[in-house]
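Below you'll find the structure, written out as structure tokens, and then a few comments.
Every chain is numbered from 1 and lettered A, B, ... according to where its sequence line falls, protein lines coming before strand lines.
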There are 2 protein chains.
Amino acid sequence: MSEKEQRGLSNECLPSAAEHRAPHRRQPHPYVAVDVVVFALGADGLKALLVKIAQGPLSGAWAFPGGFVGLDESPDAAAAREVHDHTGIRNVHLEQLYTFGGPDRDPRSRVVSVAYIALARGGERAPHHSTKYGEATWFAVRRLPPLAYDHGRIARMALARLRAKLAYTNIVCNLLPPTFTLTELQHTYQAVLARRLDRRNFRRKLLALGLLTRRPGARRGNHRPAALYAFRRRSPIVISIL
Amino acid sequence: MSEKEQRGLSNECLPSAAEHRAPHRRQPHPYVAVDVVVFALGADGLKALLVKIAQGPLSGAWAFPGGFVGLDESPDAAAAREVHDHTGIRNVHLEQLYTFGGPDRDPRSRVVSVAYIALARGGERAPHHSTKYGEATWFAVRRLPPLAYDHGRIARMALARLRAKLAYTNIVCNLLPPTFTLTELQHTYQAVLARRLDRRNFRRKLLALGLLTRRPGARRGNHRPAALYAFRRRSPIVISIL
DNA sequence: CCAAAAGTGTTGGTCTTACACCCATGC
DNA sequence: GCATGGGTGTAAGACCAACACTTTTGG
């Protein structure tokens with residue numbers, strides 16, 4: 001994810017180089033921010049983390065965690081920092097969602113915001129509450145409150161992207177613990193997709209893909225123990241899963 | 001860390017809390033630019049527009065057209081402006097590709113760049129040459145020269161995205177004139193995908209989808225006239241095509 | 001022995017792929 | 001009449017969706 005893009009030295013040689021070479025130097029220009037949609041599995045379905053805006057005219061409204069991109073950090077790093085600050089989680093899976101930059105997103109100042117999706121492994125955790133960060137809470141994605149700014153749009157796009165990628169990547173491994181049962185895997189799919197899948201077809205398909213490997217031991221509960229599996233590879237793979 | 005300071009005081013948590021703090025804080029922050037990969041159909045396959053960097057250490061190198069995003073325009077508008085300035089084309093199909101923003105892309109000024117894909121209808125046109133913009137040329141995507149900055153990466157990502165979207169959207173309509181023959185449509189797919197498709201299967205599949213409508217008349221050449229078709233809708237549709 | 005979840009196969013329909021021949025036209 | 005691209009059908013295999021019963025365990 002880290003975009004170490006070497007634009008090179010004087011980037012003002014961008015394609016349209018000449019145009020902005022000197023002229024735009026030192027002129028007011030948009031701020032750059034990130035907004036992060038952090039998804040996690042809760043007991044009752046897929047959750048997303050929201051924070052309550054503490055100041056300004058929109059105080060009290062809910063929004064996704066986010067903040068400015070510093071001069072010396074990439075948007076990816078800024079997104080990772082935001083996730084860590086709000087959840088304490090490091091090494092979440094992060095991927096860029098879309099960049100929103102309309103001049104009227106926020107009437108008070110021009111902000112171009114790079115939205116990210118983050119997937120937190122192993123279910124929701126207690127978010128960090130503090131005066132610094134204000135109230136933060138996990139909401140069921142099906143019952144999000146009204147969101148500030150254009151975050152409603154971000155929410156819809158994030159969920160659509162996540163659902164789409166479930167079908168053709170191994171992205172789901174970022175929502176699961178290292179080992180899991182096939183039923184847990186299926187429940188994860190069902191929680192994200194918000195629809196039921198046929199157990200027999202699901203198991204056959206997933207096993208046939210060869211992405212999983214059997215792990216020793218079993219999950220024991222009140223009933224018949226379930227075999228444990230893990231993803232053979234956690235690096236992103238593009239394959240037709242569903 | 002300077003990271004924290006950059007982001008402002010208390011609650012950078014608010015994704016946009018930061019935003020309304022922005023006006024009060026005047027500190028250096030990254031520039032925002034766009035880079036546009038303009039695709040068009042040429043007689044011998046898919047083309048992309050490149051401009052030659054005229055100034056700076058990389059002068060002489062090729063890159064995609066791009067430029068800074070002004071305070072009062074959206075990245076989308078900036079991308080459209082770039083395309084128009086270099087090609088004279090308005091109303092191209094534009095879609096966001098990815099945002100690149102590593103801090104070390106430019107030692108002198110930090111630039112976060114939003115990359116776009118643009119599709120020019122009706123084949124390549126003579127690009128605008130001028131002292132302001134320098135030399136601009138259409139290159140076959142299979143034989144792009146070495147590119148400045150990380151534009152090689154942008155090129156690979158743009159082509160991969162375009163190919164992927166051919167299979168599940170009606171995006172191809174943005175590369176074609178209003179009416180076209182099925183053979184022209186197939187050639188467009190083949191040019192982008194760089195592989196051959198079976199004519200009978202292709203025609204059956206496309207017609208079965210119901211996205212096309214027959215147009216009166218026929219394309220006459222040296223041989224049997226070909227029926228003309230048009231897309232029923234040009235608004236983006238998500239459907240499995242291939 | 002009962003409840004609850006784990007585990008397993010088959011079948012019918014649909015979709016995909018591969019492939020060969022006739023048609024309409026301009027020259 | 002012939003060269004060229006336009007237009008059509010079919011058959012075999014792969015894939016997908018629907019569906020019910022047996023197994024294992026804890027209590």
Side-chain angles (χ1 to χ4, degrees), chain A residues 41 43-45 163-164 166-169 176-177 179-191 193-230 237-242, chain B residues 41 43-45 163-164 166-170 172 176-177 179-191 193-230 237-242:
Chain A
L41 279 182
D44 52 340
R163 285 176 174 162
L166 273 197
Y168 66 91
T169 71
L176 287 163
T179 69
F180 47 87
T181 68
L182 287 179
T183 299
E184 288 163 358
L185 179 58
Q186 182 182 346
H187 285 159
T188 305
Y189 269 87
Q190 292 179 162
L193 298 175
R195 66 186 171 95
R196 302 195 168 246
L197 301 169
D198 181 84
R199 185 159 45 99
R200 291 156 291 190
N201 293 334
F202 180 82
R203 296 164 77 92
R204 185 179 337 109
K205 186 67 188 282
L206 265 287
L207 290 176
L209 282 171
L211 301 177
L212 303 179
T213 181
R214 186 70 187 275
R215 279 300 159 86
R219 177 127 317 155
R220 305 191 77 84
N222 279 350
H223 309 293
R224 175 172 178 173
L228 292 176
Y229 292 86
I237 296 177
V238 176
I239 281 285
S240 172
I241 290 184
L242 289 188
Chain B
L41 279 181
D44 52 340
R163 284 176 174 162
L166 274 196
Y168 67 94
T169 70
N170 62 344
V172 72
L176 287 163
T179 68
F180 48 86
T181 67
L182 287 180
T183 298
E184 287 163 358
L185 179 59
Q186 183 182 345
H187 284 159
T188 305
Y189 269 88
Q190 292 178 162
L193 299 176
R195 66 186 172 95
R196 304 196 167 245
L197 301 170
D198 182 85
R199 184 159 46 101
R200 292 155 289 190
N201 294 335
F202 180 82
R203 298 163 78 92
R204 184 175 343 107
K205 186 68 187 285
L206 265 286
L207 290 175
L209 282 171
L211 301 177
L212 302 179
T213 182
R214 184 69 186 275
R215 280 299 160 84
R219 176 125 321 154
R220 307 191 75 85
N222 279 350
H223 308 293
R224 175 172 176 174
L228 293 176
Y229 292 86
I237 294 177
V238 176
I239 282 284
S240 172
I241 290 184
L242 288 189

Original post:
Could you give the start and end, 5' to 3', of the contact zone on DNA chain D for chain A, using atoms under 4.0 Å from its heavy atoms?
Top reply: dC16(D) to dG27(D)
**OP:** Would you kindly compare S240(A) and H223(B) by the position of their nearest DNA chain D nucleotide and give the one closer to the 5′ end?
**Re:**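 Final value for this comparison: H223(B).
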**OP:** Under 4.0 Å between any heavy atoms, over every strand shown, what does T183(A) touch: base, sugar-phosphate, or nothing? Just pick one.
**Re:**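 The residue T183(A) makes sugar-phosphate contact but no base contact.
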Subject >> Nearest-0.5 Å distance that lies between atom CG in L166(B) and atom CD in Q190(B) >> reply: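 The CG atom of L166(B) sits 11.5 Å away from the CD atom of Q190(B).
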**OP:** Return the set of residues passing side-chain hydrogen bond (donor to acceptor under 3.5 Å, both in side chains) with R163(B) (not counting sequence neighbours), or none when no residue passes.
**Re:**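 None.
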Subject >> side-chain hydrogen bond (donor to acceptor under 3.5 Å, both in side chains) involving R199(A) - partner list, sequence neighbours excluded >> reply: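 Scan of R199(A) (side-chain hydrogen bond (donor to acceptor under 3.5 Å, both in side chains), adjacent residues dropped) gives none.
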Original post:
When you measure from every atom of DNA chain C, which of residues 212-222 of chain A have a heavy atom less than 4.0 Å away?
Top reply: none
**OP:** Could you identify which residues of residues 196-207 of chain A place a heavy atom less than 4.0 Å from some atom of DNA chain C, listed by residue number, or say none?
**Re:** R199(A), R200(A), R203(A), R204(A)
Original post:
Is there any ring pair (Phe, Tyr, Trp, His ring centres under 6.0 Å) pair reaching into residues 195-214 of chain A, and which pairs are they, with sequence neighbours excluded?
Top reply: Y189(A)-F202(A)
**OP:** Find out whether T183(A) and Q186(A) are in side-chain contact, i.e. whether some heavy atom of one side chain is under 4.5 Å from a heavy atom of the other.
**Re:**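 The answer is no; the side chains never approach within 4.5 Å.
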Original post:
Looking only at heavy atoms, which two atoms of L197(A) and R195(A) are closest? And how far apart?
Top reply: CD2-NH1, 3.7 Å
Original post:
Which atom names give the shortest non-hydrogen contact between N201(A) and R204(A), and what distance separates them?
Top reply: OD1-NH2, 3.1 Å
Subject >> Opening and closing nucleotides of DNA chain C in contact with chain B, under 4.0 Å to non-hydrogen atoms >> reply: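 Nucleotide range in contact with chain B: dT16(C) to dC27(C).
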Name each donor-acceptor pair under 3.5 Å that joins a side chain in residues 205-229 of chain A to protein atoms two or more places apart or in another chain, with its distance.
{"unit_1": "K205(A)", "atom_1": "NZ", "unit_2": "I241(A)", "atom_2": "O", "d": "3.1"}
{"unit_1": "R219(A)", "atom_1": "NH1", "unit_2": "E184(A)", "atom_2": "OE1", "d": "2.9"}
{"unit_1": "R219(A)", "atom_1": "NH1", "unit_2": "E184(A)", "atom_2": "OE2", "d": "2.5"}

**OP:** Please figure out whether L242(B) or R224(B) has its closest DNA chain C nucleotide nearer the 5' end.
**Re:**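 Its nearest nucleotide being more 5', the pick is L242(B).
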